[in-house]
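In the text below, chain A, chain B and the rest are named by the order of the sequence lines, each starting its count at 1.
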Number of protein chains: 2
Amino acid sequence: MIAAGPELADGTGRVQLSFTVEDKEAPPTQRAVRVPPGVSVFDSASWNGIAIDSTCGGHGTCRKCRVQVTPATPVTVHDERTFNADQLGQGWRLACLVRATRDHDVVVPPLVTRPKAATVGVGRQVILRPAVQKRYVELAEPSLEDQRPDVDRLLAAIDDLQPVPDLYALRRLPKVLRQSDFTVTAVVVDEALIDVEPGDTTAARYAIAFDLGTTTVVATLLDLVTGTPMAVASMLNRQQPFGADVISRISATMLDPTALDRLRDAAAQTLAALADQVCREAGVDPGHVYEAALAGNATMTALVLGIDPEPLGVAPFIQSTAAPPVVLASDVGLSLHPRARVTLFPALGAYVGGDIVAGMLATGMDRDKRVRLLIDVGTNCEIVLSDGERIVSTAAPAGPAFEGGAIRCGMRAADGAIEVVKLGDDVELGVIGDLTPRGLCGSGLVDAVAELVKVGLLDASGRFVDDQAAKQVAPELADRLTYIGQERVFVLHREHVDADPAAGVVLTQRDVRELQFAKAAISTGWTLLMEELGLGPRDVQQVMLAGSFGSYLSAASAVRIGLVPKLPVLRIVAAGNVAGEGAKMALLSIRERAGALALLQEVTYVELSDRADFNDRFVDLLAFPS
Amino acid sequence: MIAAGPELADGTGRVQLSFTVEDKEAPPTQRAVRVPPGVSVFDSASWNGIAIDSTCGGHGTCRKCRVQVTPATPVTVHDERTFNADQLGQGWRLACLVRATRDHDVVVPPLVTRPKAATVGVGRQVILRPAVQKRYVELAEPSLEDQRPDVDRLLAAIDDLQPVPDLYALRRLPKVLRQSDFTVTAVVVDEALIDVEPGDTTAARYAIAFDLGTTTVVATLLDLVTGTPMAVASMLNRQQPFGADVISRISATMLDPTALDRLRDAAAQTLAALADQVCREAGVDPGHVYEAALAGNATMTALVLGIDPEPLGVAPFIQSTAAPPVVLASDVGLSLHPRARVTLFPALGAYVGGDIVAGMLATGMDRDKRVRLLIDVGTNCEIVLSDGERIVSTAAPAGPAFEGGAIRCGMRAADGAIEVVKLGDDVELGVIGDLTPRGLCGSGLVDAVAELVKVGLLDASGRFVDDQAAKQVAPELADRLTYIGQERVFVLHREHVDADPAAGVVLTQRDVRELQFAKAAISTGWTLLMEELGLGPRDVQQVMLAGSFGSYLSAASAVRIGLVPKLPVLRIVAAGNVAGEGAKMALLSIRERAGALALLQEVTYVELSDRADFNDRFVDLLAFPS
């Protein structure tokens, strides 16, 4: 519906903005960025680290984000109020109100105030502009000559923000103003004036970022003044008793009508306990925490909001909403400032949730020109691929193997878990906590299989070789390849050479099959995404593995079993807790938050479950690469 | 700050819109209206009863309000999406996005849908466009090919509204959609999707208008489909135990820290009892009441919201806010639909509150070209004067005389109160309930004094004449002019001729003085307002007396004592419960609601308490007009 000029028709769906950034003390710099049509010039600049003056953060109220746009765009009422006729004729506009619907040249005048920035996510430089703003003001007292209502007096003193006062703030206003001689601090979150505090409290401005995982929940308390984390805490999600994965929790709500409320309570308790812990650790009054951001998968997000998750769990896998509304902290069980708000990450689909959207934000998937692949391995594995212009994503049903589920000696990455396996003359094991091995976690499983393939004890089809072949290819290890009952197993750990294999830590033929299914599902996912963008595996310039599994996984092993494309290992990096980093970014910058919402429009979700070619690819990819 | 053309400089602060309204079956009609600069063309038309097609009600989303504007105004992004280049060149624009900042000609094409209208207020024809909208939709069920989130599916089917879904609606959505085969009714209030109901519930759409008086609270249940009232109920405000007037209730909060909460509860209980009563009478499920509007003075509004009223009660008389935020019905104690909202009328000042703003709306003070005076008589008397272009208002401290306070035999207008007095050969009394007189209410007091002045028993200065003069001017009444103790009294009612005057209903010299003070305060108010606009009393074309007092008051008596300007009695009309009518209008039309907010900009509030000339005028106006 957007009127399209010929510049729009380059087939990529993006428009180019060529910025000339002026500087008082240096020659201007040039920078071209490509953004989806409809994004504002202010956002386009902000997302790409180009600072434009603004105190309102792009709401059209402060009138500071002046830029010169060629060709000129329509004049808005706000432009009319800001510029004279000559300036309008020269293309001067407020950057936050110009929507880039075609290619433009944009001149950015020298900054009046140099903005603060923080580094978060995967090397992302974020210009600090939190939704939470505080303004200390010293107001003139009212008189018969100046009978403005209290709130008008206050708002006039912070007129670059123009927030809407909420009832809580209006209730506090008369007393607080008069008890503190009309010197107060206004607390604004996004578009709302939520409170007025006596005196100058501008230094106390905090928020909490939550990574609401199915298994583990992580909270980070952020100082919004400096952009630095003050405390971090994590704990198991208290929803665990309802099942380890999202499907079992959805099933719980289908079987028991009280389960939804109980799951919601369990999530709320988890968040509250973590909030309490980080505030205590940092010595911060929870009343000075004015916002939280929450990144979770679609099921976790639905459950914490008390939304029935059943349609997420059954075909055709439908969300109630892709972009949850902003809610009060108390709606999700948090006792922060009474009017603190919670912003929840939007989701691309039932199985590419807010956690992965946060991950895309943290890894800058939409702002990097390289071909990059982001993989978050788990029971449900999310995969995102960008060629620098287009972004596609999908979810692959990997099953629980990587979390130790359905594996004979499988266990979570906890004390006693084998996390590294090396096979040479003997078996060399890395064990969490340096303890006696108790089982095998995901990274150990991948290592074990990769090493067995390398030494030749597993053939390319995933079958253990026979004893004779074993003695040929790996004479020192051959005695470990044995049987438990009828099943072929490889003994990773045993008390002594003659110990019963069933008493040790073993890898069974069935375990290998489970891993093959899991990795084939994932590699089918990225293979089909590459086909969508007309790319081959060798075109990928960077593979990012998200989450703690990604941090422990051996890149070489991942390549060897075919979990990731066959690439030099230096191109495969652990991206860390990208969901949590994305949540932090949303708190530090409303432009980044808007960027997360923009991803909903920009990323194409590819549903695998109805693709005719899925099974063919899957079978092809079961084998290990040669 | 608005860019002003030379057309703006006519000194009145208004711009003229000359509408040409086309009709499919008749020749076009011409109509010129004058509105404050900055108002949208859509609002300007709507407020003046000129219908323009629209389903979104002027939010820029339905793109139906197409008009041709000369000279052409700036092109907005929405205009670009709606019109082609030729049409834009011819001045076609969306009327809701054109702000009238200079004189324009506007062509309105023939209506596609003829809008419903209702008559409310003082002969005001209101085009029905409530904030509460319902849309019945039959949606396609989701599939693997169409995995849109539930809310996107719903919103796409009501895309002329574009509401923001709230959490309550999102919680209900998955179950309601699936239990009713995806045929549901969306419930939208203003910008929010508040619910989704199974099947077609479009016929059940209700709201309640409250006139929250200091003394009496009135509730009217409205059917928003037809615009008709379904039930009306009234009761005494349960805040009565805290005092009869606003000052005593404000004082209560200053003396007792628990009083604010208790006053808030008392107001909430009053509203809840009335809501319950009107719903029961009309047989309407309270869950189908989605909105309420509340018109009250500034103190009543503050108290029902739990806002400290103290600054309203002491100089310099400051409100917390002039325009209270929209709150949930539950915030003011109402059990309607769980997400029903309450809109509260804005106030011009601490003593020209939301009730009088509602009254201005109901009487069309800003849309009538005549010189009109609106007076709401009470302890605090609000006065509004318009010359057809400018509107000025003030509050006059009339004291409790008109409500029977500080009057020896004064009482409220209840059974046994003398409400009409005629003096001729004898005393002729109208008594409420046709009972034996118990006392004198406001209209009876005004009548009694006016008649005594007429027959000559009271002189122009307000003093009872001596016995000799009495016998000369009114021989049949002279024996009723007597003494109680040292004080001169006139006996209005006595059991028999020789009865003790103190046992009857009398008017004392002090009572006359009280009335003189009250009426002088009011007439000083309108005299000063007339001076503000350069008018004399005889320029006034209509005097509207608001409230029940206005309905009972004799216009002739009001003129005789100087309470209103000396005008032919036909120009003095009772306007009825204008606050309640204004509240109804706000529920029936969001354009009228916007009009109430626009009044805040348009009406000039004149503070009397700091005027040097107030006392001089007041003393001049104590006497009765000759």
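Chosen from B/D79, B/L305, B/T82, the residue pairing most often with chain A at heavy-atom distances under 4.5 Å is B/L305. Ranked by heavy-atom pairs under 4.5 Å with chain B, the first of A/V77, A/T73, A/L154, A/L260 is A/V77. Between chain B and the residues A/Q147, A/Q319, A/K175, the largest count of heavy-atom pairs under 4.5 Å involves A/Q147. Ranked by heavy-atom pairs under 4.5 Å with chain B, the list A/D331, A/V151, A/L144, A/L155 is led by A/L144.
Heavy atoms of B/R611 lying under 4.5 Å from chain A are absent altogether. Of the two parts of B/D146, only the backbone, made up of N, CA, C and O, holds a non-hydrogen atom closer than 4.5 Å to a non-hydrogen atom of chain A. With a threshold of 4.5 angstrom between heavy atoms, A/N84 does not approach chain B through any atom at all. Within the 4.5 angstrom heavy-atom criterion, atoms from both the backbone and the side chain of B/P142 approach chain A. Proximity to chain A (any heavy atom under 4.5 Å) is restricted, for B/R178, to the side chain, taken from C-beta onward. With a threshold of 4.5 angstrom between heavy atoms, B/T321 approaches chain A through its backbone and through its side chain.
With hydrogens and angles disregarded, a donor-acceptor distance shorter than 3.5 Å links the side chain of B/S320 to the backbone of A/L170. Judged by distance alone, with hydrogens and angles left aside, the side-chain atoms of B/E607 form no donor-acceptor pair with the main-chain N or O of A/E145 at under 3.5 Å.
In terms of heavy-atom proximity, B/I307 sits nearest to A/P174 at CG2-CG, 4.0 Å. Across all non-hydrogen atoms, the minimal contact from B/P316 to A/S143 is CB-C, 3.3 Å. Residues B/E80 and A/P74 share a closest heavy-atom pair of OE2-CG, 3.4 Å.
From A/I318, atom CD1 reaches atom CG of B/L173 across 11.5 Å, with rounding to the nearest 0.5 Å. The CG atom of A/D308 lies 11.0 Å from the CG atom of B/L177; values are rounded to the nearest 0.5 Å.
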